[in-house]
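These notes are about the structure you will find just below.
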Amino acid sequence: MHDAKPFLRALLEADLPLPLVHFDSMLAAWIVNPAQRAPSLDDLAYRELGIEVGAVDDAGESTAQGAFEFDETAIDLETPARRALAVAELVDGITEQMEARGGNELFSTIEMPLIPILARMEYDGVGLDSAFLTSVGVDLAGRVATLEGEIHSLAGRPFNVNSTLQLRSVLFDELGLPVIKKTPKGVPSTDASVLEKLSDQHDIVAKLLLFRELDKLRSTYVEALLKLVGHDGRLHGRFNQTGAATGRLSMERPNLQNIPARSDEGRAIRKAFVAGDGATLLVADYSQIELRILAHLSQDSGMIEAFANDIDIHAATAARVNGVPTESVSDDMRRTSKMINFGLLYGMEAYGLAQRLDIDREEAQHHIDEYFAQFPEVKAYMAGIVEEARGCGFTTTILGRRRYLPELNSQNARDRQMGERMALNAPIQGSAADIIKKAMIDLDANLVERSLGGQMILQIHDELVLEVPLEEIDEVTALTIATMEGVASLSVPLKVSYGVGPTLADAGH
DNA sequence: CAGGGATGCAA
DNA sequence: TATTGCATCCCTG
């Protein structure tokens with residue numbers, strides 16, 4: 001099949017048994033080159049076979065809901081038939097390409113087995129308390145309207161606060177506030193980091209920040225979610241298995257991987273995600289998985305030791321960098337080390353660290369130098385990975401997932417540096433994706449083996465959300481943690497923390 | 001109405 | 001001028 005998941009989901013909706021799918025040409029083409037998101041059968045057949053399978057309408061292709069809906073008066077059997085034949089013709093060629101790129105095992109042991117699991121997760125969906133969420137929306141709308149009035153008064157005239165064009169005139173032309181930075185197009189920026197720097201200059205600025213925050217929550221996380229609730233009162237987002245070049249999943253309609261978590265208002269929205277009757281939610285997340293992978297890949301003895309002792313990794317790195325005992329680490333020392341730890345995962349440079357810590361570039365460089373002096377294997381690993389990727393053209397994860405980076409040899413310095421950052425990040429983010437995908441496959445099998453009713457319903461990059469019958473919660477919690485922690489044996493332990501509760505807010509931690 | 005830019009949410 | 005995504009709003013053509 002090409003893109004089997006919507007078909008499997010349609011079978012679940014029709015209460016029909018699922019066939020075993022052996023080969024998904026969309027996934028296979030993505031393994032060969034993860035830069036092409038959702039390779040279409042049209043393009044593949046033309047490129048690999050020189051065949052024109054013809055444009056597909058939504059009758060032959062999966063519809064938005066994943067069901068096959070035929071107009072019975074005008075069934076086109078020819079196009080689906082040509083497409084089916086094209087998939088069959090593609091199998092050998094793409095398999096050879098996967099083989100040549102070392103991707104066959106990843107394909108057959110991770111990506112293919114994940115398809116029916118994701119189909120089931122989409123089919124099950126997650127419960128939404130629409131009445132509660134509606135009341136959150138009413139509250140937010142009221143506060144937003146009040147703020148809008150106050151902003152208009154302070155500006156001296158009404159304008160559309162959501163229009164950056166109009167807001168720019170108000171702030172920089174009419175109120176005379178200083179321009180802090182410009183957008184890539186060269187016009188004055190009004191983004192949150194700019195507003196934060198202007199907050200002591202005019203009362204309007206704090207109102208604007210709050211307006212943006214609350215209106216974002218209202219429009220994106222209240223209105224949008226309510227529109228997508230199914231007839232069963234649940235949200236059935238779609239997982240995109242080929243959406244991220246690093247190997248992560250992505251999600252859409254809705255994207256439940258970016259539900260607010262930090263502010264109080266964000267947590268109110270998380271309260272609307274609920275378990276069904278007689279069930280509860282279990283949220284299990286890998287603790288610092290990317291830094292643990294960095295410790296493993298770099299074999300840095302200091303970092304491995306910190307994880308082996310299971311101490312707060314940001315405090316532990318701060319202690320080492322500053323040459324003090326862990327208990328003497330100040331808040332500021334920990335904050336700096338935490339920023340560098342995160343920056344390492346993204347291919348940080350001094351400029352970026354300086355921005356985030358609001359310090360000079362020179363001072364940021366000094367912090368980075370001190371860090372690398374204490375973690376020399378990390379420094380060597382970072383340098384080596386870029387060099388290796390430049391040589392062979394790709395990076396590799398612990399399960400052999402490759403990301404090709406032609407940018408590394410670009411004539412354009414900006415593109416080349418982007419390639420270097422991607423080379424630094426891809427093995428780490430990609431290995432984390434490998435690990436949680438394997439955990440999903442193992443956990444699904446373990447739940448079935450023990451005849452448990454607990455089901456995975458969401459994956460949010462380093463965490464799994466399960467809906468669990470109340471009477472099973474202890475057994476499923478223990479099984480989930482053991483499975484997630486046991487999927488890989490790295491040079492540092494994998495650690496899982498968890499929370500349980502009737503809503504996503506209660507189960508969070 | 002499609003598409004791009006700006007913005008902001010998550011890990 | 002730190003990685004990966006997706007959604008919203010505004011604005012233009």
Side-chain angles (χ1 to χ4, degrees), chain A residues 34-35 37 159-168 181-195 208-209 211-225 227-228 237-240 242-263 265-266 269-270 283 285-291 294 339-357 361 364 368 382 395 403 405 413-414 417-430 432-433 436 458-464 504 508:
Chain A
R37 314 167 37 149
F159 67 102
N160 183 343
V161 183
N162 269 322
S163 164
T164 46
L165 191 68
Q166 295 178 36
L167 180 59
R168 215 159 25 232
K181 73 167 181 183
K182 296 191 172 177
T183 71
K185 299 277 286 180
V187 296
S189 167
T190 68
D191 73 16
S193 72
V194 167
L195 295 183
L208 285 168
L209 282 165
F211 174 94
R212 284 238 180 104
E213 181 186 347
L214 299 185
D215 199 49
K216 170 90 176 178
L217 293 173
R218 187 195 56 75
S219 63
T220 307
Y221 298 106
V222 176
E223 307 252 314
L225 292 183
K227 281 185 198 152
L228 291 169
R238 302 194 318 226
F239 290 98
N240 187 350
T242 62
T246 54
R248 273 188 177 184
L249 299 176
S250 70
M251 204 180 173
E252 61 188 349
R253 300 189 44 155
N255 177 8
L256 297 177
Q257 293 180 320
N258 70 345
I259 300 300
R262 285 163 194 169
S263 67
E265 290 82 3
I269 288 168
R270 291 204 162 210
V283 177
D285 69 282
Y286 282 113
S287 167
Q288 303 292 357
I289 189 170
E290 293 190 341
L291 281 172
L294 176 59
M339 285 291 185
I340 297 180
N341 282 333
F342 277 114
L344 287 173
L345 307 174
Y346 303 145
M348 165 189 62
E349 288 164 42
Y351 179 90
L353 182 67
Q355 287 292 301
R356 278 163 185 76
L357 289 173
R361 212 201 71 91
I368 293 172
M382 302 301 248
T395 60
R403 179 173 187 182
L405 292 168
R414 221 188 89 80
Q417 284 170 5
M418 185 68 179
E420 289 170 7
R421 292 195 296 274
M422 292 188 289
L424 292 169
N425 173 261
I428 299 169
Q429 190 183 118
I436 196 164
L458 290 176
Q459 187 255 46
I460 311 176
H461 309 310
D462 67 352
E463 79 184 36
L464 296 176
L504 215 48

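Every value quoted in this text rests on a predicted model; they were computed, and no experiment measured them. The sequence lines fix the lettering, A, B, ..., with proteins before strands; numbering per chain opens at 1.
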Minimum heavy-atom distance between A:Leu345 and A:Asn425, given as atom pair plus value:
O-ND2, 2.8 Å

Assign A:Met339 to base, sugar-phosphate, or nothing according to its heavy-atom contacts below 4.0 angstrom with the strands shown.
base

From OH of A:Tyr351 over to C1' of C:dT1, roughly how many Å is that when rounded to an integer?
5 Å

With heavy atoms under 4.0 Å as the rule, sort A:Ile460 into base, sugar-phosphate or nothing.
sugar-phosphate

Looking at residues at least two apart in the chain, or sitting in another chain, which of them share a side chain to side chain contact (heavy atoms under 4.5 Å, CB included) with A:Leu424?
A:Met382, A:Ile385, A:Val386

Sorted by chain and number, sequence neighbours left out, ring pair (Phe, Tyr, Trp, His ring centres under 6.0 Å) with A:Phe211 holds for none

Using a cut-off of 4.0 Å between protein heavy atoms and nucleotide atoms, how would you tag nucleotides 5-11 of chain C 5' to 3' with B, S and -?
BBBSSSS

Identify, with sequence neighbours excluded, every residue that meets ring pair (Phe, Tyr, Trp, His ring centres under 6.0 Å) alongside A:Phe239.
none

side-chain hydrogen bond (donor to acceptor under 3.5 Å, both in side chains) filter on A:Asn240, not counting sequence neighbours, yields A:Thr242

What residues, two or more places apart in sequence or in another chain, satisfy salt bridge (charged side-chain N to carboxylate O under 4.0 Å, His left out) together with A:Asp215?
A:Arg218

Answer with base, sugar-phosphate or nothing: what part of the nucleic acid does A:Arg248 contact at a heavy-atom distance below 4.0 Å?
base

According to side-chain hydrogen bond (donor to acceptor under 3.5 Å, both in side chains), who are the partners of A:Glu290, at least two apart in sequence or on a separate chain?
none

Counting the atoms with a prime plus P, OP1 and OP2 as sugar-phosphate, which does A:Ala354 contact under 4.0 Å by heavy atoms, base, sugar-phosphate, or nothing?
nothing

Provide, to the nearest angstrom, the distance between the CG atom belonging to A:Leu345 and the P atom belonging to C:dT3.
12 Å

Contacts of type side-chain hydrogen bond (donor to acceptor under 3.5 Å, both in side chains), residue A:Arg212, not counting sequence neighbours
A:Thr190

Quick one: how far along DNA chain B does chain A reach, first to last nucleotide 5' to 3', anything under 4.0 Å to a heavy atom?
B:dG5 to B:dA11

